[in-house]
Protein chains: 2
Amino acid sequence: MPRLIKTRTKPVPPLPQISDAEWTVMKIIWQQSPISTSQVVQALENRIHWKPKTIHTLLSRLVQKGALTFEKQGREYLFRPLVDARHCVHEASRSFLNRVFDGELAPFLAGFLEREKLSRAEIAELRRILDGKQS
Amino acid sequence: MPRLIKTRTKPVPPLPQISDAEWTVMKIIWQQSPISTSQVVQALENRIHWKPKTIHTLLSRLVQKGALTFEKQGREYLFRPLVDARHCVHEASRSFLNRVFDGELAPFLAGFLEREKLSRAEIAELRRILDGKQS
DNA sequence: ATGTATTTCCTACAAATGTAGGAATTGCAA
DNA sequence: TTGCAATTCCTACATTTGTAGGAAATACAT
(Lines give C-alpha, C1' and ligand atoms only; values in the text may rest on other atoms or scores of the structure.)
Protein backbone atom coordinates (compact mmCIF):
# COMPACT_ATOMS: atom_id res chain seq x y z
CA MET A 1 0.00 0.00 0.00
CA PRO A 2 1.52 3.30 -1.09
CA ARG A 3 2.03 5.99 1.44
CA LEU A 4 -0.09 9.04 1.25
CA ILE A 5 0.81 12.65 1.52
CA LYS A 6 3.76 12.50 3.83
CA THR A 7 6.34 13.14 1.18
CA ARG A 8 9.32 14.24 3.15
CA THR A 9 10.06 11.65 5.75
CA LYS A 10 13.26 12.98 7.19
CA PRO A 11 13.14 16.55 8.44
CA VAL A 12 16.19 18.31 7.09
CA PRO A 13 18.57 18.87 9.99
CA PRO A 14 19.81 22.42 10.09
CA LEU A 15 23.31 22.75 8.76
CA PRO A 16 25.87 23.22 11.48
CA GLN A 17 27.35 26.66 11.77
CA ILE A 18 30.89 26.41 10.45
CA SER A 19 33.33 29.04 11.61
CA ASP A 20 36.10 30.63 9.64
CA ALA A 21 38.89 28.40 10.92
CA GLU A 22 36.64 25.40 10.60
CA TRP A 23 36.07 26.12 6.92
CA THR A 24 39.76 25.66 6.34
CA VAL A 25 39.52 22.19 7.80
CA MET A 26 36.29 21.26 6.08
CA LYS A 27 37.68 22.17 2.70
CA ILE A 28 40.53 19.74 3.22
CA ILE A 29 38.19 16.97 4.24
CA TRP A 30 35.79 17.57 1.41
CA GLN A 31 38.71 17.25 -0.95
CA GLN A 32 40.07 14.10 0.54
CA SER A 33 37.99 11.77 2.61
CA PRO A 34 38.33 9.61 4.61
CA ILE A 35 41.33 11.33 6.06
CA SER A 36 43.24 10.79 9.25
CA THR A 37 44.02 13.43 11.82
CA SER A 38 47.68 13.45 10.94
CA GLN A 39 46.89 13.77 7.27
CA VAL A 40 44.78 16.81 7.99
CA VAL A 41 47.59 18.25 10.03
CA GLN A 42 50.05 17.59 7.23
CA ALA A 43 47.79 19.04 4.62
CA LEU A 44 47.59 22.25 6.59
CA GLU A 45 51.02 22.61 8.08
CA ASN A 46 52.52 24.35 5.12
CA ARG A 47 49.66 26.70 4.58
CA ILE A 48 48.73 27.68 8.09
CA HIS A 49 50.54 28.58 11.25
CA TRP A 50 48.35 26.42 13.53
CA LYS A 51 49.78 24.04 16.08
CA PRO A 52 48.52 20.48 15.63
CA LYS A 53 46.55 20.81 18.84
CA THR A 54 44.57 23.60 17.31
CA ILE A 55 43.66 21.43 14.39
CA HIS A 56 42.64 18.64 16.74
CA THR A 57 40.32 21.01 18.52
CA LEU A 58 38.76 22.13 15.28
CA LEU A 59 38.26 18.52 14.22
CA SER A 60 36.49 17.58 17.38
CA ARG A 61 34.34 20.66 17.32
CA LEU A 62 33.30 19.78 13.81
CA VAL A 63 32.37 16.33 15.03
CA GLN A 64 30.34 17.79 17.90
CA LYS A 65 28.57 20.07 15.50
CA GLY A 66 27.65 17.17 13.31
CA ALA A 67 29.71 18.30 10.36
CA LEU A 68 32.01 15.29 10.47
CA THR A 69 31.99 11.70 11.61
CA PHE A 70 34.95 9.61 12.40
CA GLU A 71 35.79 5.99 12.77
CA LYS A 72 38.68 4.57 14.69
CA GLN A 73 41.42 3.07 12.58
CA GLY A 74 44.14 1.62 14.78
CA ARG A 75 44.71 4.42 17.20
CA GLU A 76 43.92 7.15 14.73
CA TYR A 77 40.66 8.63 13.67
CA LEU A 78 39.45 8.68 10.12
CA PHE A 79 37.16 11.57 9.39
CA ARG A 80 34.57 12.05 6.75
CA PRO A 81 32.07 14.81 6.10
CA LEU A 82 28.49 14.45 7.25
CA VAL A 83 27.35 17.55 5.49
CA ASP A 84 27.30 18.16 1.80
CA ALA A 85 29.92 20.56 0.54
CA ARG A 86 27.73 22.19 -2.05
CA HIS A 87 24.96 22.62 0.45
CA CYS A 88 27.24 24.29 2.97
CA VAL A 89 28.83 26.42 0.33
CA HIS A 90 25.48 27.61 -0.84
CA GLU A 91 24.32 28.35 2.69
CA ALA A 92 27.43 30.39 3.25
CA SER A 93 26.87 32.26 0.01
CA ARG A 94 23.29 33.02 0.89
CA SER A 95 24.22 34.13 4.33
CA PHE A 96 26.91 36.42 3.00
CA LEU A 97 24.63 37.96 0.40
CA ASN A 98 21.94 38.48 2.99
CA ARG A 99 24.23 40.08 5.48
CA VAL A 100 26.01 42.43 3.14
CA PHE A 101 23.80 42.87 0.09
CA ASP A 102 20.30 42.35 1.43
CA GLY A 103 20.31 39.07 -0.37
CA GLU A 104 20.95 40.33 -3.87
CA LEU A 105 23.54 38.94 -6.20
CA ALA A 106 23.76 41.71 -8.78
CA PRO A 107 25.01 44.44 -6.44
CA PHE A 108 27.64 42.06 -5.19
CA LEU A 109 28.92 41.38 -8.65
CA ALA A 110 28.79 45.00 -9.67
CA GLY A 111 30.59 46.21 -6.57
CA PHE A 112 33.18 43.51 -6.76
CA LEU A 113 34.06 44.16 -10.37
CA GLU A 114 34.24 47.81 -9.61
CA ARG A 115 36.98 47.17 -7.09
CA GLU A 116 38.83 44.29 -8.61
CA LYS A 117 39.77 44.58 -12.21
CA LEU A 118 39.52 41.20 -13.78
CA SER A 119 41.40 40.19 -16.86
CA ARG A 120 39.58 39.82 -20.13
CA ALA A 121 39.88 36.06 -19.76
CA GLU A 122 38.33 36.09 -16.34
CA ILE A 123 35.43 38.18 -17.51
CA ALA A 124 35.00 35.78 -20.37
CA GLU A 125 34.86 32.89 -17.95
CA LEU A 126 32.17 34.56 -15.93
CA ARG A 127 30.22 35.23 -19.06
CA ARG A 128 30.49 31.60 -20.03
CA ILE A 129 29.10 30.62 -16.65
CA LEU A 130 26.15 32.87 -17.26
CA ASP A 131 25.66 31.50 -20.73
CA GLY A 132 25.48 28.03 -19.30
CA LYS A 133 22.46 29.23 -17.35
CA GLN A 134 20.86 30.70 -20.41
CA SER A 135 17.21 29.71 -20.35
CA MET B 1 60.30 71.52 -2.87
CA PRO B 2 58.48 68.37 -3.84
CA ARG B 3 58.43 65.48 -1.48
CA LEU B 4 60.37 62.45 -2.43
CA ILE B 5 59.38 58.85 -2.31
CA LYS B 6 57.04 58.84 0.62
CA THR B 7 53.88 58.65 -1.41
CA ARG B 8 51.39 57.42 1.12
CA THR B 9 51.37 59.73 4.07
CA LYS B 10 48.58 58.24 6.10
CA PRO B 11 48.91 54.58 6.86
CA VAL B 12 45.60 52.99 6.08
CA PRO B 13 43.97 52.01 9.36
CA PRO B 14 42.75 48.46 9.25
CA LEU B 15 39.04 48.25 8.77
CA PRO B 16 37.22 47.32 11.92
CA GLN B 17 35.81 43.85 12.00
CA ILE B 18 32.05 44.21 11.67
CA SER B 19 29.95 41.38 13.00
CA ASP B 20 26.77 40.02 11.55
CA ALA B 21 24.43 41.96 13.82
CA GLU B 22 26.54 45.04 13.40
CA TRP B 23 26.18 44.87 9.63
CA THR B 24 22.47 45.32 10.05
CA VAL B 25 23.11 48.54 11.90
CA MET B 26 25.82 49.79 9.60
CA LYS B 27 23.63 49.36 6.57
CA ILE B 28 21.02 51.62 8.11
CA ILE B 29 23.58 54.26 8.93
CA TRP B 30 25.20 54.15 5.52
CA GLN B 31 21.78 54.73 4.04
CA GLN B 32 20.86 57.60 6.28
CA SER B 33 23.41 59.65 8.08
CA PRO B 34 23.61 61.49 10.38
CA ILE B 35 21.04 59.51 12.26
CA SER B 36 19.99 59.52 15.89
CA THR B 37 19.83 56.53 18.15
CA SER B 38 16.07 56.53 18.21
CA GLN B 39 15.93 56.75 14.45
CA VAL B 40 18.11 53.71 14.17
CA VAL B 41 15.88 51.92 16.61
CA GLN B 42 12.83 52.91 14.63
CA ALA B 43 14.34 51.91 11.35
CA LEU B 44 14.99 48.45 12.72
CA GLU B 45 12.04 47.79 14.94
CA ASN B 46 9.83 46.47 12.22
CA ARG B 47 12.45 44.29 10.65
CA ILE B 48 14.21 42.83 13.65
CA HIS B 49 13.22 41.43 16.99
CA TRP B 50 15.93 43.30 18.93
CA LYS B 51 15.21 45.26 22.08
CA PRO B 52 16.33 48.89 21.88
CA LYS B 53 19.03 48.12 24.43
CA THR B 54 20.55 45.65 22.04
CA ILE B 55 20.73 48.24 19.34
CA HIS B 56 22.33 50.69 21.74
CA THR B 57 25.00 48.14 22.53
CA LEU B 58 25.70 47.55 18.87
CA LEU B 59 25.96 51.26 18.27
CA SER B 60 28.46 51.78 21.02
CA ARG B 61 30.50 48.80 19.97
CA LEU B 62 30.64 50.22 16.49
CA VAL B 63 31.87 53.48 17.92
CA GLN B 64 34.52 51.67 19.96
CA LYS B 65 35.64 49.82 16.90
CA GLY B 66 36.01 53.04 15.00
CA ALA B 67 33.28 52.28 12.52
CA LEU B 68 31.10 55.18 13.62
CA THR B 69 31.46 58.58 15.24
CA PHE B 70 28.80 60.45 17.03
CA GLU B 71 28.13 63.95 18.11
CA LYS B 72 25.82 65.03 20.87
CA GLN B 73 22.67 66.72 19.73
CA GLY B 74 20.62 67.78 22.72
CA ARG B 75 20.61 64.65 24.76
CA GLU B 76 20.74 62.31 21.83
CA TYR B 77 23.61 61.07 19.79
CA LEU B 78 23.88 61.60 16.09
CA PHE B 79 25.90 58.90 14.40
CA ARG B 80 27.76 58.86 11.17
CA PRO B 81 29.97 56.29 9.52
CA LEU B 82 33.73 56.58 9.80
CA VAL B 83 34.38 53.78 7.37
CA ASP B 84 33.53 53.73 3.73
CA ALA B 85 30.64 51.48 2.82
CA ARG B 86 32.11 50.30 -0.44
CA HIS B 87 35.40 49.57 1.21
CA CYS B 88 33.78 47.48 3.95
CA VAL B 89 31.57 45.73 1.47
CA HIS B 90 34.52 44.82 -0.63
CA GLU B 91 36.49 43.58 2.36
CA ALA B 92 33.57 41.40 3.34
CA SER B 93 33.30 40.06 -0.18
CA ARG B 94 36.97 39.22 -0.32
CA SER B 95 36.89 37.60 3.03
CA PHE B 96 33.91 35.49 2.06
CA LEU B 97 35.47 34.41 -1.22
CA ASN B 98 38.70 33.56 0.55
CA ARG B 99 37.04 31.54 3.23
CA VAL B 100 34.70 29.55 1.06
CA PHE B 101 36.10 29.62 -2.46
CA ASP B 102 39.82 29.98 -1.93
CA GLY B 103 39.44 33.49 -3.17
CA GLU B 104 37.96 32.77 -6.55
CA LEU B 105 34.91 34.45 -7.94
CA ALA B 106 34.04 32.09 -10.76
CA PRO B 107 33.34 29.01 -8.64
CA PHE B 108 31.12 31.13 -6.45
CA LEU B 109 29.07 32.31 -9.37
CA ALA B 110 28.88 28.88 -10.92
CA GLY B 111 27.84 27.19 -7.69
CA PHE B 112 25.34 29.84 -6.86
CA LEU B 113 23.62 29.73 -10.21
CA GLU B 114 23.54 25.98 -9.97
CA ARG B 115 21.49 26.21 -6.80
CA GLU B 116 19.39 29.24 -7.39
CA LYS B 117 17.63 29.48 -10.67
CA LEU B 118 17.56 33.07 -11.75
CA SER B 119 15.03 34.50 -14.10
CA ARG B 120 16.02 35.38 -17.61
CA ALA B 121 15.89 39.04 -16.62
CA GLU B 122 18.21 38.52 -13.71
CA ILE B 123 20.71 36.68 -15.85
CA ALA B 124 20.50 39.50 -18.32
CA GLU B 125 21.24 41.98 -15.60
CA LEU B 126 24.32 40.08 -14.56
CA ARG B 127 25.45 39.93 -18.12
CA ARG B 128 25.03 43.65 -18.44
CA ILE B 129 27.19 44.12 -15.38
CA LEU B 130 29.89 42.05 -17.00
CA ASP B 131 29.57 43.94 -20.24
CA GLY B 132 30.14 47.15 -18.37
CA LYS B 133 33.50 45.72 -17.38
CA GLN B 134 34.35 44.74 -20.88
CA SER B 135 37.93 45.76 -21.49
C1' DA C 1 56.33 -7.70 28.47
C1' DT C 2 57.47 -2.99 28.51
C1' DG C 3 58.83 1.51 27.23
C1' DT C 4 57.97 4.95 23.96
C1' DA C 5 56.18 7.66 20.59
C1' DT C 6 51.80 8.82 18.97
C1' DT C 7 47.28 9.99 19.39
C1' DT C 8 43.26 11.02 21.76
C1' DC C 9 40.79 13.13 25.83
C1' DC C 10 39.83 16.76 28.75
C1' DT C 11 40.72 21.38 30.14
C1' DA C 12 41.75 26.35 29.55
C1' DC C 13 41.30 30.92 28.56
C1' DA C 14 40.89 35.45 26.29
C1' DA C 15 38.28 37.89 22.82
C1' DA C 16 34.19 38.56 20.17
C1' DT C 17 29.25 38.22 19.73
C1' DG C 18 24.29 38.20 20.71
C1' DT C 19 21.37 39.84 23.77
C1' DA C 20 20.10 42.59 27.05
C1' DG C 21 19.21 44.99 32.30
C1' DG C 22 19.64 48.59 35.81
C1' DA C 23 21.58 53.03 37.33
C1' DA C 24 22.60 57.58 36.35
C1' DT C 25 21.81 61.71 33.94
C1' DT C 26 19.66 65.38 31.69
C1' DG C 27 16.68 68.30 28.57
C1' DC C 28 12.35 69.96 28.80
C1' DA C 29 7.39 70.57 30.19
C1' DA C 30 4.61 72.49 33.60
C1' DT D 1 12.58 74.93 39.55
C1' DT D 2 11.50 70.47 39.74
C1' DG D 3 9.89 66.01 38.32
C1' DC D 4 9.69 63.02 34.50
C1' DA D 5 10.46 60.74 30.38
C1' DA D 6 14.03 59.84 27.40
C1' DT D 7 18.64 58.77 26.73
C1' DT D 8 23.13 57.44 27.85
C1' DC D 9 26.48 54.86 30.82
C1' DC D 10 28.08 50.85 32.79
C1' DT D 11 27.52 46.06 33.71
C1' DA D 12 26.29 41.23 32.69
C1' DC D 13 26.31 36.82 31.00
C1' DA D 14 26.01 32.67 27.99
C1' DT D 15 28.06 31.12 23.52
C1' DT D 16 31.22 30.76 19.98
C1' DT D 17 35.74 31.13 18.28
C1' DG D 18 40.76 31.09 18.04
C1' DT D 19 44.31 29.08 20.00
C1' DA D 20 46.31 25.87 22.43
C1' DG D 21 48.43 22.74 26.86
C1' DG D 22 48.80 18.70 29.84
C1' DA D 23 47.22 14.05 31.12
C1' DA D 24 45.89 9.67 29.76
C1' DA D 25 45.68 5.88 26.77
C1' DT D 26 47.48 2.75 23.38
C1' DA D 27 49.76 0.42 19.30
C1' DC D 28 53.89 -1.21 18.22
C1' DA D 29 58.97 -2.07 18.37
C1' DT D 30 62.40 -4.46 20.86
Side-chain angles (χ1 to χ4, degrees), chain A residues 14-29 34-45 47-80 88 91-92 95-96 98-100, chain B residues 14-29 34-45 47-80 88 91-92 95-96 98-100:
Chain A
L15 282 184
Q17 165 66 23
I18 296 171
S19 82
D20 207 324
E22 288 162 359
W23 266 96
T24 305
V25 172
M26 287 304 289
K27 284 192 287 186
I28 297 291
I29 299 181
I35 185 172
S36 71
T37 304
S38 54
Q39 284 175 311
V40 174
V41 170
Q42 272 172 43
L44 291 174
E45 76 186 349
R47 307 204 291 93
I48 315 253
H49 52 267
W50 297 335
K51 303 282 163 66
K53 290 286 174 67
T54 300
I55 298 174
H56 298 165
T57 300
L58 293 173
L59 284 169
S60 59
R61 283 186 187 162
L62 285 166
V63 170
Q64 282 174 205
K65 290 183 176 189
L68 300 176
T69 359
F70 64 94
E71 108 205 35
K72 215 155 193 169
Q73 179 71 14
R75 72 183 138 185
E76 273 210 306
Y77 281 172
L78 282 190
F79 295 93
R80 37 188 115 232
C88 288
E91 262 317 289
S95 152
F96 160 70
N98 288 339
R99 180 167 13 108
V100 178
Chain B
L15 282 183
Q17 165 67 23
I18 296 171
S19 82
D20 207 324
E22 287 163 358
W23 266 97
T24 306
V25 173
M26 287 304 288
K27 284 192 288 188
I28 297 291
I29 298 181
I35 185 172
S36 72
T37 304
S38 54
Q39 284 173 312
V40 174
V41 170
Q42 272 173 42
L44 291 173
E45 76 186 348
R47 308 205 290 95
I48 314 252
H49 52 267
W50 297 336
K51 303 282 163 65
K53 289 288 172 68
T54 300
I55 299 173
H56 298 165
T57 299
L58 294 173
L59 285 169
S60 59
R61 284 186 186 162
L62 285 166
V63 170
Q64 283 175 202
K65 289 182 178 190
L68 300 176
T69 0
F70 63 92
E71 107 205 35
K72 217 154 191 170
Q73 180 70 15
R75 73 183 136 187
E76 273 210 303
Y77 280 174
L78 282 190
F79 294 92
R80 40 188 115 229
C88 289
E91 262 317 289
S95 151
F96 160 70
N98 288 339
R99 178 166 15 108
V100 178

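Numbered from 1 within each chain, the chains take letters A, B, ... in sequence-line order.
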Please list, for nucleotides 26-29 of chain D, all pairs of protein and nucleotide N/O atoms separated by less than 3.5 Å.
unit_1, atom_1, unit_2, atom_2, d
D/dT26, O2, A/Arg75, NH1, 3.2

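With a cutoff of under 4.0 Å to any heavy atom of chain B, the contacted region of DNA chain C is bounded 5' to 3' by C/dT17 to C/dG27.
Checked options B/Ile55, B/Ile48, B/Leu58; the residue passing with B/Thr24 is B/Ile48 (criterion: side-chain contact (heavy atoms from CB on, under 4.5 Å)).
Taking B/Phe96 as the reference, A/Phe96, B/Phe101, B/Phe108 meet the ring pair (Phe, Tyr, Trp, His ring centres under 6.0 Å) condition, with sequence neighbours excluded.
Side-chain contact check for B/Gln17 versus B/Glu22: every heavy-atom pair is 4.5 Å or farther apart.
At whole-Å resolution of the value, NZ in A/Lys65 and P in D/dT15 are 14 Å apart. Atom CZ in B/Arg61 sits roughly 17 Å away from atom P in D/dT8 (whole-Å rounding). B/Gln39 places its CD atom 12 Å from the P atom of D/dT8, with the value rounded to the nearest Å. For the pair B/Glu71 CD and D/dT8 P, the interatomic distance rounds to 13 Å; values are reported in whole Å.
Distances shown here put a side-chain N or O of A/Gln17 below 4.0 Å from the OP1 or OP2 atom of D/dT17.
Side-chain contact of B/Gln73 with B/Ser36: a donor-acceptor pair under 3.5 Å is absent, judged by distance alone.
Interatomic distance, A/Arg99 CZ to B/Lys27 NZ, rounded to the nearest 0.5 Å: 9.0 Å.
The base of D/dG18 lies outside donor-acceptor range of the side chain of A/Lys53, with no N or O pair under 3.5 Å.
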